[in-house]
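A short write-up of the structure that comes next.
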Amino acid sequence: MNLISEPGAGALILRVQEERIDAAVAIQFKDRLRELTAGGEGPVILDLSQVTFVDSSGLGAIVGAMKLLAPSRPLELAAMTPNVARVFRLTRMDSVFRIHATAPETALHVRAAG
Amino acid sequence: MCAPPDDAALMPAMAPADCSALRGGDDCFRRNFRAEPLAVRDALRAAVARFARRMGPDDAGTLELTLAEVLNNVVEHAYAGLGAGPIDLTLCHAGGRLHCRIEDHGHPMPRLAAMGRAMPATDVACTDLAEGGWGWALVRSLTEGLAYRREGDRNLLTFEFRPACR
(Lines give C-alpha, C1' and ligand atoms only; values in the text may rest on other atoms or scores of the structure.)
Protein backbone atom coordinates (compact mmCIF):
# COMPACT_ATOMS: atom_id res chain seq x y z
CA MET A 1 0.00 0.00 0.00
CA ASN A 2 1.71 3.10 -1.26
CA LEU A 3 0.72 6.00 0.96
CA ILE A 4 2.89 9.14 1.02
CA SER A 5 2.87 11.46 4.01
CA GLU A 6 3.52 15.19 3.56
CA PRO A 7 3.29 17.80 6.31
CA GLY A 8 1.04 20.61 5.07
CA ALA A 9 -0.08 23.93 6.48
CA GLY A 10 -2.12 22.96 9.53
CA ALA A 11 -2.74 19.37 8.43
CA LEU A 12 -0.93 16.19 7.56
CA ILE A 13 -1.55 15.26 3.91
CA LEU A 14 -1.65 11.55 3.06
CA ARG A 15 -1.53 10.88 -0.66
CA VAL A 16 -2.87 7.48 -1.67
CA GLN A 17 -0.68 6.35 -4.55
CA GLU A 18 -2.92 3.45 -5.48
CA GLU A 19 -5.80 3.08 -7.92
CA ARG A 20 -7.85 0.95 -5.57
CA ILE A 21 -8.76 0.71 -1.91
CA ASP A 22 -10.58 -2.61 -2.03
CA ALA A 23 -10.89 -5.89 -0.14
CA ALA A 24 -7.42 -6.95 -1.30
CA VAL A 25 -5.67 -4.01 0.39
CA ALA A 26 -8.10 -2.65 3.00
CA ILE A 27 -6.15 -4.02 5.98
CA GLN A 28 -2.79 -2.79 4.66
CA PHE A 29 -4.34 0.61 4.03
CA LYS A 30 -5.55 0.93 7.60
CA ASP A 31 -2.27 -0.35 9.06
CA ARG A 32 -0.18 2.00 6.92
CA LEU A 33 -2.39 4.96 7.80
CA ARG A 34 -2.02 4.11 11.47
CA GLU A 35 1.79 4.04 11.14
CA LEU A 36 1.94 7.35 9.31
CA THR A 37 -0.30 9.19 11.76
CA ALA A 38 1.09 7.77 15.02
CA GLY A 39 2.15 10.36 17.56
CA GLY A 40 1.12 13.40 15.53
CA GLU A 41 -1.62 15.93 15.98
CA GLY A 42 -3.97 18.07 13.88
CA PRO A 43 -6.23 17.14 10.99
CA VAL A 44 -5.27 14.46 8.46
CA ILE A 45 -6.30 15.01 4.85
CA LEU A 46 -6.49 11.94 2.63
CA ASP A 47 -5.71 12.81 -1.00
CA LEU A 48 -7.82 10.38 -3.06
CA SER A 49 -7.09 11.91 -6.46
CA GLN A 50 -5.32 8.76 -7.71
CA VAL A 51 -8.00 6.37 -6.42
CA THR A 52 -10.56 5.25 -8.98
CA PHE A 53 -12.24 2.45 -7.03
CA VAL A 54 -13.33 1.94 -3.42
CA ASP A 55 -15.58 -0.97 -2.40
CA SER A 56 -17.31 -1.47 0.96
CA SER A 57 -14.15 -3.07 2.41
CA GLY A 58 -12.17 0.03 1.42
CA LEU A 59 -14.90 2.28 2.77
CA GLY A 60 -14.82 0.31 6.04
CA ALA A 61 -11.06 0.84 6.25
CA ILE A 62 -11.45 4.60 5.73
CA VAL A 63 -14.18 4.79 8.38
CA GLY A 64 -12.07 2.63 10.68
CA ALA A 65 -9.13 4.99 10.18
CA MET A 66 -11.36 7.95 10.97
CA LYS A 67 -12.51 6.32 14.22
CA LEU A 68 -8.92 5.46 15.08
CA LEU A 69 -7.83 9.10 14.71
CA ALA A 70 -10.90 10.57 16.44
CA PRO A 71 -11.48 12.67 18.39
CA SER A 72 -8.12 14.45 18.44
CA ARG A 73 -7.32 14.20 14.72
CA PRO A 74 -10.20 14.67 12.24
CA LEU A 75 -9.78 12.65 9.04
CA GLU A 76 -10.81 14.67 5.97
CA LEU A 77 -11.07 13.54 2.37
CA ALA A 78 -9.89 15.38 -0.72
CA ALA A 79 -10.10 15.15 -4.51
CA MET A 80 -12.52 12.24 -4.82
CA THR A 81 -12.95 10.86 -8.31
CA PRO A 82 -16.59 10.38 -9.43
CA ASN A 83 -16.54 6.60 -8.88
CA VAL A 84 -15.28 6.99 -5.34
CA ALA A 85 -17.69 9.84 -4.58
CA ARG A 86 -20.58 7.57 -5.64
CA VAL A 87 -19.80 4.99 -2.95
CA PHE A 88 -19.74 7.70 -0.29
CA ARG A 89 -23.00 9.16 -1.59
CA LEU A 90 -24.83 5.80 -1.82
CA THR A 91 -23.83 4.87 1.72
CA ARG A 92 -24.44 8.45 2.95
CA MET A 93 -20.92 8.49 4.35
CA ASP A 94 -20.45 11.78 2.50
CA SER A 95 -22.38 13.29 5.43
CA VAL A 96 -19.81 12.05 7.91
CA PHE A 97 -16.55 13.33 6.44
CA ARG A 98 -15.36 16.81 5.65
CA ILE A 99 -14.70 16.67 1.92
CA HIS A 100 -12.39 18.98 -0.03
CA ALA A 101 -12.83 19.33 -3.79
CA THR A 102 -9.08 19.41 -4.36
CA ALA A 103 -6.06 18.16 -2.47
CA PRO A 104 -3.81 20.73 -0.83
CA GLU A 105 -0.46 21.38 -2.45
CA THR A 106 2.68 21.23 -0.35
CA ALA A 107 6.29 22.19 -1.02
CA LEU A 108 6.97 18.50 -1.61
CA HIS A 109 4.16 18.11 -4.08
CA VAL A 110 3.93 20.61 -6.88
CA ARG A 111 1.76 19.38 -9.70
CA ALA A 112 3.06 19.77 -13.23
CA ALA A 113 1.19 22.45 -15.13
CA GLY A 114 -1.04 21.35 -18.00
CA MET B 1 -23.94 12.72 15.70
CA CYS B 2 -20.91 12.31 13.50
CA ALA B 3 -20.93 15.07 10.88
CA PRO B 4 -18.44 17.51 9.41
CA PRO B 5 -18.91 21.30 9.38
CA ASP B 6 -21.68 22.54 7.09
CA ASP B 7 -19.34 24.17 4.60
CA ALA B 8 -17.82 20.88 3.55
CA ALA B 9 -20.27 19.34 1.07
CA LEU B 10 -18.08 19.39 -2.00
CA MET B 11 -18.78 16.31 -4.05
CA PRO B 12 -17.77 15.99 -7.68
CA ALA B 13 -20.68 15.82 -10.09
CA MET B 14 -21.23 12.74 -12.22
CA ALA B 15 -20.73 13.16 -15.92
CA PRO B 16 -24.09 12.90 -17.72
CA ALA B 17 -24.76 9.47 -19.18
CA ASP B 18 -23.89 9.03 -22.83
CA CYS B 19 -27.03 7.41 -24.13
CA SER B 20 -25.57 6.56 -27.50
CA ALA B 21 -23.04 4.24 -25.89
CA LEU B 22 -25.08 1.14 -25.08
CA ARG B 23 -25.42 -0.99 -28.13
CA GLY B 24 -24.54 -4.41 -29.44
CA GLY B 25 -26.28 -7.75 -29.43
CA ASP B 26 -26.25 -10.75 -27.14
CA ASP B 27 -22.87 -11.33 -25.66
CA CYS B 28 -21.62 -13.28 -22.64
CA PHE B 29 -18.59 -13.05 -20.40
CA ARG B 30 -17.72 -16.08 -18.34
CA ARG B 31 -14.87 -16.63 -15.93
CA ASN B 32 -13.99 -19.23 -13.33
CA PHE B 33 -11.52 -18.19 -10.65
CA ARG B 34 -10.50 -18.85 -7.06
CA ALA B 35 -12.19 -17.04 -4.19
CA GLU B 36 -9.29 -14.83 -3.13
CA PRO B 37 -9.13 -11.03 -3.17
CA LEU B 38 -6.60 -10.58 -5.97
CA ALA B 39 -8.32 -13.12 -8.23
CA VAL B 40 -11.63 -11.34 -7.57
CA ARG B 41 -10.02 -8.05 -8.48
CA ASP B 42 -8.72 -9.45 -11.78
CA ALA B 43 -12.05 -11.06 -12.66
CA LEU B 44 -14.17 -8.02 -12.00
CA ARG B 45 -11.79 -5.75 -13.87
CA ALA B 46 -11.92 -8.09 -16.87
CA ALA B 47 -15.72 -8.28 -16.67
CA VAL B 48 -16.12 -4.53 -16.50
CA ALA B 49 -13.59 -3.96 -19.29
CA ARG B 50 -15.64 -6.28 -21.48
CA PHE B 51 -18.82 -4.22 -21.16
CA ALA B 52 -17.53 -0.75 -20.27
CA ARG B 53 -17.38 0.59 -23.80
CA ARG B 54 -21.09 -0.03 -24.20
CA MET B 55 -22.06 1.66 -20.96
CA GLY B 56 -20.06 4.74 -20.30
CA PRO B 57 -17.92 5.33 -17.21
CA ASP B 58 -20.73 5.95 -14.74
CA ASP B 59 -22.49 2.63 -15.33
CA ALA B 60 -19.18 0.80 -15.64
CA GLY B 61 -18.22 2.09 -12.19
CA THR B 62 -21.56 0.99 -10.75
CA LEU B 63 -21.16 -2.46 -12.31
CA GLU B 64 -17.67 -2.82 -10.87
CA LEU B 65 -18.90 -1.87 -7.39
CA THR B 66 -21.84 -4.30 -7.60
CA LEU B 67 -19.68 -7.21 -8.70
CA ALA B 68 -17.03 -6.40 -6.10
CA GLU B 69 -19.61 -6.52 -3.32
CA VAL B 70 -21.13 -9.86 -4.29
CA LEU B 71 -17.76 -11.48 -5.00
CA ASN B 72 -16.24 -10.19 -1.75
CA ASN B 73 -19.18 -11.77 0.06
CA VAL B 74 -18.38 -15.14 -1.48
CA VAL B 75 -14.72 -14.83 -0.44
CA GLU B 76 -15.47 -13.66 3.10
CA HIS B 77 -18.60 -15.64 3.95
CA ALA B 78 -19.42 -18.51 1.59
CA TYR B 79 -15.87 -19.88 1.68
CA ALA B 80 -15.11 -18.85 5.28
CA GLY B 81 -12.98 -21.63 6.78
CA LEU B 82 -13.12 -23.69 3.58
CA GLY B 83 -10.16 -22.26 1.67
CA ALA B 84 -10.37 -20.46 -1.64
CA GLY B 85 -12.85 -22.49 -3.66
CA PRO B 86 -14.05 -21.78 -7.19
CA ILE B 87 -16.34 -18.96 -8.27
CA ASP B 88 -18.14 -18.95 -11.60
CA LEU B 89 -19.07 -15.50 -12.88
CA THR B 90 -21.31 -15.16 -15.91
CA LEU B 91 -22.52 -11.88 -17.35
CA CYS B 92 -24.74 -11.87 -20.41
CA HIS B 93 -25.71 -8.72 -22.19
CA ALA B 94 -29.11 -8.96 -23.83
CA GLY B 95 -31.89 -6.51 -24.48
CA GLY B 96 -30.02 -3.59 -22.97
CA ARG B 97 -29.54 -5.44 -19.68
CA LEU B 98 -26.72 -7.35 -18.13
CA HIS B 99 -27.88 -10.67 -16.66
CA CYS B 100 -25.45 -11.59 -13.89
CA ARG B 101 -24.95 -14.98 -12.27
CA ILE B 102 -22.48 -15.88 -9.53
CA GLU B 103 -22.04 -19.49 -8.53
CA ASP B 104 -19.93 -20.93 -5.71
CA HIS B 105 -19.59 -24.16 -3.74
CA GLY B 106 -19.28 -22.62 -0.29
CA HIS B 107 -21.51 -22.61 2.76
CA PRO B 108 -25.19 -21.84 2.13
CA MET B 109 -26.19 -18.32 3.03
CA PRO B 110 -27.19 -18.71 6.69
CA ARG B 111 -29.40 -15.68 7.09
CA LEU B 112 -31.33 -14.62 4.02
CA ALA B 113 -32.42 -11.55 5.99
CA ALA B 114 -28.89 -10.17 5.50
CA MET B 115 -29.77 -9.51 1.86
CA GLY B 116 -32.57 -7.20 2.94
CA ARG B 117 -30.59 -5.29 5.51
CA ALA B 118 -30.79 -1.48 5.38
CA MET B 119 -27.82 0.78 4.84
CA PRO B 120 -25.99 1.26 8.19
CA ALA B 121 -26.97 4.44 10.03
CA THR B 122 -24.89 7.60 9.74
CA ASP B 123 -26.80 9.66 12.34
CA VAL B 124 -24.81 8.19 15.22
CA ALA B 125 -21.75 9.20 17.21
CA CYS B 126 -18.47 8.83 15.30
CA THR B 127 -17.40 6.00 17.58
CA ASP B 128 -20.58 4.08 16.70
CA LEU B 129 -20.27 4.30 12.93
CA ALA B 130 -20.35 0.93 11.18
CA GLU B 131 -17.18 -0.20 9.41
CA GLY B 132 -19.05 -2.61 7.15
CA GLY B 133 -22.50 -3.92 6.37
CA TRP B 134 -23.09 -1.83 3.25
CA GLY B 135 -22.62 -4.65 0.76
CA TRP B 136 -26.12 -6.05 0.28
CA ALA B 137 -27.80 -2.65 0.60
CA LEU B 138 -25.53 -1.36 -2.16
CA VAL B 139 -26.19 -4.38 -4.38
CA ARG B 140 -29.93 -4.10 -3.85
CA SER B 141 -29.95 -0.42 -4.69
CA LEU B 142 -27.89 -0.90 -7.85
CA THR B 143 -29.52 -4.01 -9.33
CA GLU B 144 -32.91 -5.49 -10.15
CA GLY B 145 -34.32 -8.97 -9.52
CA LEU B 146 -31.74 -9.97 -6.91
CA ALA B 147 -32.31 -13.65 -6.13
CA TYR B 148 -30.46 -16.34 -4.19
CA ARG B 149 -31.00 -20.05 -4.20
CA ARG B 150 -29.19 -23.17 -3.05
CA GLU B 151 -28.95 -25.95 -5.62
CA GLY B 152 -27.28 -29.09 -4.29
CA ASP B 153 -23.92 -27.94 -3.00
CA ARG B 154 -23.96 -24.70 -4.95
CA ASN B 155 -25.00 -21.15 -4.14
CA LEU B 156 -26.55 -19.32 -7.07
CA LEU B 157 -26.96 -15.60 -7.00
CA THR B 158 -28.63 -13.86 -9.94
CA PHE B 159 -29.52 -10.27 -10.65
CA GLU B 160 -29.88 -7.86 -13.50
CA PHE B 161 -27.94 -4.75 -14.03
CA ARG B 162 -29.66 -2.14 -16.13
CA PRO B 163 -27.45 0.63 -17.39
CA ALA B 164 -28.97 4.11 -17.26
CA CYS B 165 -29.05 4.13 -21.05
CA ARG B 166 -31.38 1.65 -22.67
Side-chain angles (χ1 to χ4, degrees), chain A residues 18-30 43 45 48-49 51-103, chain B residues 1-15 36-42 44-45 48 57-76 118-142:
Chain A
E18 303 275 350
E19 286 183 15
R20 306 171 74 86
I21 307 176
D22 62 10
V25 297
I27 291 169
Q28 290 112 288
F29 169 81
K30 204 170 146 185
I45 301 179
L48 293 168
S49 56
V51 181
T52 56
F53 183 75
V54 171
D55 63 11
S56 65
S57 301
L59 180 64
I62 294 171
V63 175
M66 183 251 244
K67 289 164 70 173
L68 202 74
L69 291 168
S72 60
R73 307 194 76 181
L75 179 65
E76 304 176 359
L77 309 176
M80 286 184 173
T81 60
N83 250 352
V84 173
R86 184 200 296 109
V87 181
F88 279 82
R89 196 169 52 242
L90 288 169
T91 57
R92 297 193 296 268
M93 296 307 287
D94 57 344
S95 67
V96 164
F97 289 90
R98 180 170 194 155
I99 295 168
H100 305 269
T102 56
Chain B
M1 181 173 157
C2 188
D6 284 344
D7 64 345
L10 281 169
M11 298 289 281
M14 270 299 167
E36 43 195 27
L38 289 172
V40 163
R41 187 192 265 189
D42 285 348
L44 72 93
R45 290 179 94 169
V48 170
D58 189 10
D59 282 323
T62 305
L63 175 64
E64 181 163 13
L65 178 61
T66 305
L67 293 177
E69 297 305 332
V70 296
L71 295 173
N72 289 343
N73 270 339
V74 174
V75 173
E76 288 169 30
M119 209 63 93
T122 54
D123 56 345
V124 296
C126 287
T127 47
D128 294 335
L129 283 172
E131 295 178 40
W134 300 284
W136 283 120
L138 280 171
V139 171
R140 236 180 27 250
S141 71
L142 299 173

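Because only heavy atoms are used, hydrogens play no part in the values below, and waters and symmetry mates are left out as well, while side chains stay in. Protein chains get the first letters and strands the later ones, always in sequence-line order, with residue 1 at the start of each. Bear in mind that the values here come from a model prediction, so they are computed numbers and not experimental data.
Considering CZ of A:Phe97 and CG of B:Leu129, their distance stands at 7.5 Å, rounded to 0.5 Å. Between the CZ atom in B:Arg41 and the CZ atom in A:Arg20 there is a gap of 5.5 Å [rounded to 0.5 Å]. To the nearest 0.5 Å, atoms CG (A:Asp22) and CG (B:Asn72) are separated by 7.5 Å. The distance from the CD atom of B:Glu64 to the OG1 atom of A:Thr52 is 7.0 Å, given to the nearest 0.5 Å. Taking CG of B:Leu138 as the start and OG of A:Ser56 as the end, the distance is 6.5 Å to the nearest 0.5 Å. Taken to the nearest 0.5 Å, the SG atom of B:Cys126 stands 11.5 Å off from the CG atom of A:Leu69.
Of all heavy-atom pairs spanning A:Asn83 and B:Gly61, the tightest one is OD1-CA, 3.2 Å. Looking at every heavy atom in both residues, A:Ala24 comes nearest to B:Leu38 through CB-CD2, 3.8 Å. In terms of heavy-atom proximity, A:Met66 sits nearest to B:Cys2 at CE-SG, 3.6 Å.
With a 4.5 angstrom heavy-atom cutoff, B:Thr122 touches chain A via backbone and side-chain atoms both. Both the backbone and the side chain of A:Asp55 have a heavy atom closer than 4.5 Å to some heavy atom of chain B. For chain A, no part of B:Ala137 is nearby; none of its heavy atoms comes within less than 4.5 Å. If you measure heavy-atom distances from B:Leu142 to chain A, the contacts under 4.5 Å come from the side chain alone. Only the side chain of B:Leu44 comes within less than 4.5 Å of a heavy atom in chain A; its backbone stays farther off. Proximity to chain A (any heavy atom under 4.5 Å) is restricted, for B:Glu76, to the side chain, taken from C-beta onward.
Put simply, the side chain of A:Phe53 does not reach to within 4.5 Å of the side chain of B:Val48, judged on heavy atoms.
Ranked by heavy-atom pairs under 4.5 Å with chain B, the list A:Val96, A:Val63, A:Ile62 is led by A:Val96. Listed options A:Val54, A:Leu90, A:Thr91 were ranked by heavy-atom pairs under 4.5 angstrom with chain B; first place goes to A:Thr91.
A:Arg86 has a carboxylate O that lies under 4.0 Å from a charged side-chain N of B:Asp58, or vice versa, which qualifies the two as a salt bridge.
Crowding of A:Leu68 atom CG: a count of heavy atoms from other residues, nucleotides or ligands under 6.0 Å exceeding 12.
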